[in-house]
Protein chains: 2
Amino acid sequence: MITIYDIAKNVGCSSATVSKALNNYPDVNAMTRKKILEMAESMGYSPNSQAQALTKNKTWNIGVLFETESEIRNGFTHYFFSQILESFKKYTEELGYDLTFVSQKIGENKVSFLQHVRRRRCDGVIIANYDYNDQNALELIHSKIPVVVIDFDNDTVSSIFSENYEGLKLLTQHLIDLNHRNIVYIHGQRNYVTGERIRGFEDTMNANNCKITGDHLVESAYYNRENIADKTRLVLARDKRPTAIIFSDDYAAVLGIKVIQEAGLKIPEDISVVGFDGLELGQMITPHLTTIVQDTRMIGELAAKRLTEIIETKNRTKIDISVGVKLLEGASCKQVKLI
Amino acid sequence: MITIYDIAKNVGCSSATVSKALNNYPDVNAMTRKKILEMAESMGYSPNSQAQALTKNKTWNIGVLFETESEIRNGFTHYFFSQILESFKKYTEELGYDLTFVSQKIGENKVSFLQHVRRRRCDGVIIANYDYNDQNALELIHSKIPVVVIDFDNDTVSSIFSENYEGLKLLTQHLIDLNHRNIVYIHGQRNYVTGERIRGFEDTMNANNCKITGDHLVESAYYNRENIADKTRLVLARDKRPTAIIFSDDYAAVLGIKVIQEAGLKIPEDISVVGFDGLELGQMITPHLTTIVQDTRMIGELAAKRLTEIIETKNRTKIDISVGVKLLEGASCKQVKLI
DNA sequence: ATAATAATCGAAAGCGGTTTCGAAAACTTC
DNA sequence: GAAGTTTTCGAAACCGCTTTCGATTATTAT
């Protein structure tokens with residue numbers, strides 16, 4: 001590999017001058033600069049980012065903690081979060097940062113995420129789609145390193161949220177406007193995000209004088225096929241079968257639709273269904289799914305903005321940012337007659 | 001950050017000895033080593049990988065060229081290739097490599113992929129799901145850097161393929177065994193992979209004495225919703241409507257199923273449908289899709305093995321590896337009566 | 001012409017490690 | 001106890017780049 005010393009030798013100047021010419025320092029003669037740049041070009045010079053990082057104490061590298069494989073979090077969360085990551089990547093790349101997955105291995109040894117990030121001297125870390133209760137992730141969150149998380153309530157680092165409360169409000173109101181009263185929300189495991197959504201559901205039901213009993217809330221497990229199918233069947237088997245079901249997300253909704261259809265019921269004639277997320281998946285089935293679209297592009301962009309801001313200002317102050325959602329009307333809901 | 005000099009000072013030895021102790025050199029006394037390791041631990045030492053890379057001339061970093069967003073290649077290719085990437089990542093991480101996305105930006109300037117990779121001094125590069133005709137990608141392929149590609153026929157770098165020929169043979173034979181004779185293959189744009197599949201289709205048809213006319217092959221565009229839907233409708237409108245359709249992939253098949261159902265036809269009663277890939281997507285709809293499962297785990301693992309082998313041996317010899325496929329029987333095909 | 005100022009350059013130290021090689025100390029061997 | 005071995009250690013060079021600061025030269029003002 002060509003170094004600045006090679007260039008210096010060929011041009012007949014010092015390495016310091018080469019470095020300056022390459023970095024647009026003012027104290028280098030226009031003619032000299034020209035010769036250096038041309039020489040660098042013709043020799044195929046490529047700066048060594050490791051050496052630069054060493055002197056500048058900045059790697060232009062952002063660590064990505066992004067669980068892509070596990071029993072629970074399968075391809076479709078992956079698909080959802082990868083959209084966020086994609087947008088995040090686009091924005092950070094624009095600024096010159098590279099994205100590196102942070103693993104738990106370095107060579108032979110298992111190391112913690114924090115160790116990994118420190119070793120690589122990442123300028124910052126983005127955490128998405130990860131099990132936030134993992135001790136390893138928490139250690140990172142509580143470190144001094146710039147971190148931004150997606151969809152995780154905590155009191156140390158900045159995070160980006162979709163308007164979950166608002167999302168469920170929109171969905172619930174939509175169903176109520178179609179005269180549904182017996183609405184069941186098959187939600188995911190309770191956590192902050194789920195809690196917000198449930199609150200949105202309950203508030204909207206109450207605001208419309210729809211009494212909520214324990215029957216209206218059914219807990220299932222996110223992205224657990226068996227579990228979602230079972231819960232759906234239980235709900236369908238009830239004496240007073242609901243006229244509408246809100247699923248925890250699009251994945252569950254699509255699965256639910258399959259279960260409902262297999263039970264011989266028609267959507268939306270017999271029962272209305274809505275999801276949450278706005279995956280393309282929901283638009284590839286019949287009927288098109290009515291759902292809440294999360295603005296993944298915006299989430300990724302804001303996460304990128306916030307993280308790079310923290311990196312540049314070294315100010316880790318916790319700031320929570322929420323991103324608006326919107327209702328996407330498919331064909332999976334139908335108005336019912338008022339009784 | 002703590003350096004080996006800090007440790008040396010506290011222990012009362014030289015930095016050289018610290019480095020040796022940390023790297024298991026034989027020429028350091030057991031007692032000294034113990035003191036050094038303990039001191040490193042208690043001071044929270046974390047080696048600077050940039051400095052190490054500088055001396056060792058090895059970054060333990062693999063560049064990933066993986067187009068995740070474009071008009072044509074949307075989320076579902078992403079979903080498919082991300083499984084490969086996932087498996088690739090798992091394996092390379094095991095060996096101690098980190099994965100970094102290679103972008104086309106470094107700071108202010110747009111740089112080529114090759115420049116980016118050289119700058120970061122990546123040990124090697126994996127290319128997947130990328131437009132292989134992109135000048136930028138080709139430049140990388142023709143460089144001296146260790147590269148492995150997925151699903152791209154070329155004569156310079158090692159690549160990993162699924163058994164595309166075999167896949168279409170299996171699908172076609174399956175349909176023929178169900179007495180289908182009028183089978184249409186709605187394939188993607190012609191390229192090496194598509195060519196192999198078409199060959200598999202044709203050979204199997206011929207081997208079973210099914211005459212192939214131009215009507216049996218319809219070209220569509222991969223992952224182009226409009227186009228796939230249009231082509232499907234054209235095929236359905238034919239006088240002699242086929243009894244079975246082979247779609248280019250699961251995405252197209254799922255979309256096709258929707259179009260077919262919207263046309264008032266039943267699957268598999270009126271028409272049999274098969275896909276290619278083995279996405280979960282195909283198992284989330286009614287009826288379950290019959291398809292070819294590509295072994296993404298194996299593809300990723302073999303890509304990782306081959307790439308790290310090249311990195312370690314510095315022998316870039318082109319080796320093509322193919323990975324077996326298998327038929328997954330869903331409920332989207334039905335036997336027809338022989339005429 | 002002289003003093004003051006501006007433009008241009010390079011020596012050298014530093015970033016945080018690795019590795020060679022010779023020296024010193026500790027053991028063996030006979 | 002002398003000679004030969006083995007252990008253990010550190011000085012120093014090196015990896016490729018940045019940046020300070022003083023020196024030199026060119027330019028301008030007086």
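Labels below follow one simple rule: chain letters A, B, ... track the order of the sequence lines, proteins then strands, and each chain is numbered from 1.
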Give the rounded distance in Å between these two atoms: CE of A:Met31 and C1' of D:dA26.
17 Å
For B:Lys56, which contact category applies under a 4.0 Å heavy-atom criterion: base, sugar-phosphate, or nothing?
sugar-phosphate
Pair of N/O donor and acceptor under 3.5 Å linking D:dG10 base with B:Lys20 side chain:
yes
Of the nucleotides C:dC9, D:dC15, C:dG10, which has the atom closest to the B:Leu54 side chain?
D:dC15
Quick one: label A:Tyr5 by what it contacts on the DNA or RNA (base, sugar-phosphate, nothing), any heavy atom closer than 4.0 Å.
base
Have a look at B:Ser46 and say if it touches a base, only the backbone sugar-phosphate, or nothing, with a 4.0 Å heavy-atom cut-off.
sugar-phosphate
Applying a 4.0 Å non-hydrogen cut-off, can you work out what B:Asn57 is touching in the nucleic acid: base, sugar-phosphate, or nothing?
nothing
By the 4.0 Å heavy-atom rule, please label A:Thr3 as base, sugar-phosphate, or nothing.
sugar-phosphate
Whole-Å distance, B:Ile36 CD1 to C:dG17 P, equals 13 Å
Please tell me if B:Ser19 has a side-chain N or O lying less than 4.0 Å from either OP1 or OP2 of C:dT18.
yes
Taking C:dC9, C:dG16, C:dT19 as options, the one with an atom nearest any side-chain atom of A:Asn29 is C:dC9
Specify the separation, in whole Å, of atom CG of B:Asp6 and atom C1' of C:dG17.
13 Å
Phosphate OP1/OP2 of C:dA7 contacted by A:Tyr25 side-chain N/O (<4.0 Å)
no
A:Arg121 side-chain proximity, nearest of D:dT18, C:dG17, C:dA12
C:dG17
Find the distance B:Met43:CE to C:dG16:P and express it as a whole number of Å.
13 Å
Which one, C:dT19, C:dA11, D:dT8, comes nearest to the side chain of A:Ser14?
C:dA11
Take A:Ile2 and B:Pro26, find for each the nucleotide of DNA chain D with the closest heavy atom, and name the residue whose nucleotide sits nearer the 5' end.
B:Pro26
Check the phosphate of C:dG16 against B:Gln52, side-chain N and O only, distance under 4.0 Å to OP1 or OP2. Yes or no?
no
Using a heavy-atom cut-off of under 4.0 Å over every strand shown, decide if B:Asp27 touches base, sugar-phosphate, or nothing.
base
More than 12 heavy atoms from other groups under 6.0 Å of CG on B:Asp320
yes
